[in-house]
Every structure is written in structure tokens, then in C-alpha cells.
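All values derive from a computational prediction rather than experimental measurement. Remember, it's 1-based here, ligands and their atoms both numbered in the order they're listed.
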Amino acid sequence: MYTMGIDVGSASSKVVILKDGKDIIASEVVQVGTGSTGPARALELAYQKSGLTREDISFLVATGYGRFAFDDADKQISEISCHAKGIYFLVPSARTIIDIGGQDAKAIRLESNGSIKQFFMNDKCAAGTGRFLDVMARVLETTLDEMALLDEQATETAPISSTCTVFAESEVISSLSNGVSRNNIIKGVHLSVASRACGLAYRGGLEMDVVMTGGVAQNAGVVRAVAGVLKKEVIVAPNPQTTGALGAALFAYEAAQKR
Ligand SMILES: Nc1ncnc2c1ncn2[C@@H]1O[C@H](COP(=O)(O)OP(=O)(O)OP(=O)(O)O)[C@@H](O)[C@H]1O
Ligand SMILES: [Mg+2]
């Protein structure tokens, strides 16, 4: 039996196809979020990869910010539930999940059976999210892929004092014109995002293992900064951008079995 999860986020669209609730046979990401083109392209890639069509999919669960705008799903489930489900499947030892996406950051506390104990979210402000990193990459004339490498070459951290993305952008521009090293600024940018995420994680009472997920978990600079702030080891979920879609496909499998 094949089931599908689609995670229509603010920054990207992710699709996972599962065989019999355990084997991932397609896991696709398109860096275009809510709207029609991102989800449509992600679906097309997943069907191409698996050789399946919509008729082969027994149940389809949509999650993410844009889940209600996607009209081909059998059911919609929140992103918090789907991330928890996906992470527990991949890393059953996870008790604290940090998900940093394009427009929000979340910390989720799991019980040992995978159920959600508590969650905390920052969806009011771009600071501490992928959006902040996207803005900074542009100002610093670098790419998301390159940021972690430049962070590694930093000699010290040039901290960002502004808590607002717009002010932080001006602060970075002024630091650059004052000759502060770009690499050191990048390290400061990563620390700024990490500190906010850790603030959320602490609110639930930090419990090990800590697992990072969402697109920003692909940035090793942010992951290192999170581990540094928490003074704990941090596990990065395999293929972290797709864990919400994986959770949705797992929920779809459970629903298909009940049907
Ligand atoms: N290759 C990469 N390296 C580093 N960071 C990346 C990479 N690709 C994407 N990102 C970061 O991931 C962010 C998007 O994360 P993700 O796809 O989880 O967001 P989303 O689920 O669409 O958003 P949200 O959950 O907030 O609605 C981007 O803003 C970017 O900063
Ligand atoms: Mg997301």
C-alpha cells in the first residue's frame, strides 16, 4: 500500500511517498512554498521518482502552512503533529525537537512513546527563522549552502544585537562597512538564530535527545551554534526538510488502514 504526505510550507513544498508505512520510496523538495506551482512540481517529481500515479495512493495527508489551500488531500493535519510523527519514526530517542522553517521556529517536547507533551512557537517575527538567514545571505552576498563553510572560517563571533530582522540587516550593513569580517558576522547571524531557537527549547524543559529538523537544520553553522548554546549534542534528522511530509505520510498510512 502507498501513502503520501505533502508539506506545503511558507518557503518550500515537500512530498514523501511511503510503501506499507515504512519504506520511503520518494522524498522530494521544491524550494517554492504556498501557491500552486511548488506543490504541483513536488508532486510531479515524487510521481516520476516512484513511477506511481494519484490512483495508486491510498491516502494523502497535507500538512504545513498551506495545507488548506491544497485541494487534493484526504485529510489535513498540523505541522507540529506531523514533525513529531516523522521525527519519532526516524529518531525514536528524540525528546526535544527544534524545527526551524522559513517563517517560524518551533520546539516540541515528546513523551517516550512519541506523543506530544508541549510545544512552543515563534511565528510572530522573522528573527530566528529561515527568512532571517535568507535576508542575511543576500546582504552578505553569499548563499545558504556557503554560509556554514564561511562560519567555520570565522575567527570570532561578531554578535548581532538587534532583535528585529530589519534592524539586524542595517546592523550587518554597518558592520561590513566598518570592516568587520564577513565570516565573523555570519557566525553572529547563526548564533542569533540559534539563541532564539534554544529559548523556545528551554521553555519546555530541555530533555535529551535533541533533534533538529526543518530546512535550517541543513545549515551546519546554525546546528553548531545550537549545540554550543545548549552545551549538548544535537542530532540532525536525516533529510531534515522532509520530516513533516514523512509524518503526514505515516498518518496517511494509519488512516488508510482504518478505512
Ligand atoms: N541547502 C540549504 N542550506 C541551508 N539552509 C537551507 C537550505 N535550503 C533551505 N534552507 C533554509 O531553510 C528554510 C526553509 O525551511 P523549510 O523548508 O523547513 O520551511 P517551510 O516548511 O517552507 O516553512 P514554515 O514551516 O516556516 O512554513 C529557508 O528559509 C532557508 O533558510
Ligand atoms: Mg515547515
A.B. asks: So for ligand 1, is Ala11 a polar contact partner (N or O within less than 3.5 Å, distance only)?
C.D. replies: yes
A.B. asks: Is it the case that ligand 1 has an N or O less than 3.5 angstrom from some N or O of Glu79?
C.D. replies: yes
A.B. asks: Does Asp7, backbone or side chain, put an N or O under 3.5 Å from an N or O of ligand 1?
C.D. replies: no
A.B. asks: Considering Val216, Val32, Val8, Asp99, which one's heavy-atom position lies nearest to atom 13 (C) of ligand 1?
C.D. replies: Val216
A.B. asks: If I apply the N/O under 3.5 Å rule, does Gly102 come out as touching ligand 1?
C.D. replies: yes
A.B. asks: Any side-chain heavy atom of Glu44 within less than 4.5 Å of one from Glu28?
C.D. replies: no
A.B. asks: How would you list, by chain and number, every residue that makes a side chain to side chain donor-acceptor pair (under 3.5 Å) with Gln218, sequence neighbours excluded?
C.D. replies: Gln241
A.B. asks: What part of Asp134, side chain from CB on, backbone N/CA/C/O, both or neither, has a heavy atom under 4.0 Å from ligand 1?
C.D. replies: side chain
A.B. asks: What number of protein N, O or S atoms occur at distances under 2.8 Å from the Mg ion (ligand 2)?
C.D. replies: 1
A.B. asks: Is the shortest distance from a heavy atom of Lys14 to ligand 1 less than 4.0 Å?
C.D. replies: yes
A.B. asks: Could you tell me whether some N/O pair between Gly215 and ligand 1 is separated by less than 3.5 angstrom?
C.D. replies: yes
A.B. asks: Could you list the residues that satisfy side chain to side chain donor-acceptor pair (under 3.5 Å) with Ser112, not counting sequence neighbours?
C.D. replies: none
A.B. asks: Say whether, by atom type as modelled, one donor and one acceptor occur between the side chain of Ser177 and the main chain of Ile173 under 3.5 angstrom.
C.D. replies: yes
A.B. asks: In residues 207-217, what donor-acceptor pairs under 3.5 Å come from side-chain atoms, sequence neighbours left out?
C.D. replies:
unit_1: Glu207; atom_1: OE1; unit_2: Arg109; atom_2: NH2; d: 2.9
unit_1: Asp209; atom_1: OD2; unit_2: Ser93; atom_2: OG; d: 2.8
unit_1: Thr213; atom_1: OG1; unit_2: Pro240; atom_2: O; d: 3.0
unit_1: Thr213; atom_1: OG1; unit_2: Thr243; atom_2: OG1; d: 2.4

A.B. asks: Could you tell me whether Gln103 approaches ligand 1 through its side chain, its backbone, both or neither, with non-hydrogen atoms closer than 4.0 Å?
C.D. replies: both
